[in-house]
Amino acid sequence: MNDGARENLSDMVSLAGRVALVAGGAGGIGAAVASLFRDAGARVIVVDRPGTAAPDGTEFVACDLADAAAIALLVQRLAQAHPALHVLVHAAGVTRDAVLWKMTREAWDEVMRVNLDSAFHLLHGCIPMLRHAGGGSVILVTSINGERGKFGQSNYAASKAGMIGLGRTAARELGAFGVRVNMIAPGMIRTAMTEQLGEDVRRRAREEAVLGRLGEPQDVARAALFLAGDMSRHVTGQVLRVDGGQLIG
């Protein structure tokens, strides 16, 4: 491989000169994405709950993503500071598990507001900034449970399935403006949220995965870097599973 080819390959994975917004970027998968985007040269804006903190070298903006009015104000301020947005990642998510007949309205509504409604509100508000940039990449972090369903997670699975429908529709509507929209569907990833689950749950997930292990946040971040940059310039409307083969196991 000659030096020119190496330089071109480096350019394809670089995010230098680009502005990236990572919602839910203060912990777990979102923090890994924000850190890797920073290392790839992007100016990274992390949006997460008040009282949390962003990875070093990124900008932090506090916002309650369960509050549509707060998101509207956030977008207004971002548009003034960053008219052009090149990458939007939605990695925010919560779980409030219960079987259907024990699921409360409050648990259903909270998961929908954080996981799905906020993805719509952010995407809706950021479209002018993405168009101003001349095109860009939107990445919605969904879940394999949004594809297969999951016992005790009717709210979570429904919210993640909704993200797939939202993302594929957005891909159709925004393609003419050079905006690509893709989804990443992780399996069980080792985060603070999944560490709260029982060991038997994690063990079953390892057994389901054909690679025989749980994923790490960095595994999802690497997939996000691929979808954010020029390596995936002809990829849109797709669901990229990062699950170690858990769905097919």
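In what follows, residues are counted from 1 in the order of the sequence shown.
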Which heavy atom in [X] sits nearest to a heavy atom in [Y], and how many Å separate them?
| X | Y | answer |
| --- | --- | --- |
| Gly149 | Ala157 | CA-CB, 4.1 Å |
| Ala20 | Ala42 | CB-CB, 4.4 Å |
| Lys160 | Ser143 | CG-CB, 3.8 Å |
| Pro55 | Ala34 | CG-CB, 4.2 Å |
| Gly125 | Val75 | O-CG1, 3.2 Å |
| Ser14 | Ala40 | OG-O, 3.6 Å |

Atom CZ of Arg203 with >12 non-hydrogen neighbours under 6.0 angstrom:
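Counting other residues, nucleotides and ligands, CZ of Arg203 exceeds 12 neighbours.
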
Atom CG of residue position Asp200 - does it have more than 12 heavy atoms of other residues, nucleotides or ligands inside 6.0 Å?
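It does: Asp200 CG has more than 12 such atoms within range.
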
Is there a donor in the side chain of Asn145 and an acceptor in the side chain of Gln153, or the other way round, less than 3.5 Å apart?
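Yes, because at least one side-chain N or O of Asn145 sits under 3.5 Å from a partner of the opposite role on Gln153.
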
Do the side-chain N and O atoms of Ser118 and Arg113 include a donor-acceptor pair separated by under 3.5 angstrom?
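The answer is no; no qualifying pair exists.
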
Derivation of the side chain to side chain contact (heavy atoms under 4.5 Å, CB included) call for Met231 and Val13
CA-CA 7 Å; Met231 289 282 281; Val13 297; 4.0 Å; yes

Tell me whether [X] shares a hydrophobic cluster with [Y], the cluster being built from Ile, Leu, Val, Met, Phe, Trp, Tyr side chains joined at under 4.5 Å.
| X | Y | value |
| --- | --- | --- |
| Val46 | Leu15 | yes |
| Leu88 | Met183 | yes |
| Leu214 | Leu211 | no |

Does [Y] offer a backbone N or O that forms a donor-acceptor pair with the side chain of [X] under 3.5 Å?
| X | Y | answer |
| --- | --- | --- |
| Asp243 | Leu247 | yes |
| His86 | Val19 | yes |
| Thr58 | Ala54 | no |
| Ser35 | Ala32 | no |
| Ser232 | Leu227 | yes |
| Asn115 | Ser159 | no |
| Asp219 | Glu216 | yes |

I want to check something: taking the side chain as every heavy atom from C-beta on, are [X] and [Y] in contact at a cut-off of under 4.5 Å?
| X | Y | result |
| --- | --- | --- |
| His90 | Leu122 | yes |
| Val181 | Leu174 | yes |
| Gln238 | Arg168 | no |
| Met103 | Ser154 | yes |
| Met188 | Glu208 | no |
| Val89 | Leu21 | no |
| Ile29 | Pro186 | yes |
| Val235 | Asn182 | yes |

Apply the test side chain to side chain contact (heavy atoms under 4.5 Å, CB included) to residues Val138 and Arg180: give CA-CA distance (whole Å), side-chain angles for both, the deciding distance (0.1 Å), then the verdict.
CA-CA 6 Å; Val138 175; Arg180 300 179 294 107; over 6 Å; no

Non-neighbouring partners of Arg206 that pass side-chain hydrogen bond (donor to acceptor under 3.5 Å, both in side chains), sequence neighbours left out
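side-chain hydrogen bond (donor to acceptor under 3.5 Å, both in side chains) check on Arg206 returns Glu199.
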
Scan Leu74, Leu78, Val22 and name whichever one has a side-chain contact (heavy atoms from CB on, under 4.5 Å) with Ile45.
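One option only clears the test, and that one is Leu78.
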
How many angstroms lie between CZ in Arg131 and CZ in Phe177, if you round to the nearest 0.5 Å?
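Between atom CZ of Arg131 and atom CZ of Phe177 there are 3.5 Å.
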
Can you list the residues that meet the side chain to side chain contact (heavy atoms under 4.5 Å, CB included) rule with Arg96, with sequence neighbours excluded?
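Here the qualifying residues are Val94, Ala107, Glu110, Val111, Asn155.
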
Going by the rule side chain to side chain contact (heavy atoms under 4.5 Å, CB included), which residues pair with Ala223 if we only count those two or more places apart in sequence or in a different chain?
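Once residues adjacent in sequence are excluded, the partners of Ala223 under the side chain to side chain contact (heavy atoms under 4.5 Å, CB included) criterion are Ile184, Leu240, Val242.
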
Below 4.0 angstrom, N of the basic side chain to O of the carboxylate: do [X] and [Y] qualify?
| X | Y | value |
| --- | --- | --- |
| Asp67 | Arg49 | no |
| Arg18 | Asp230 | yes |
| Glu207 | Arg202 | no |

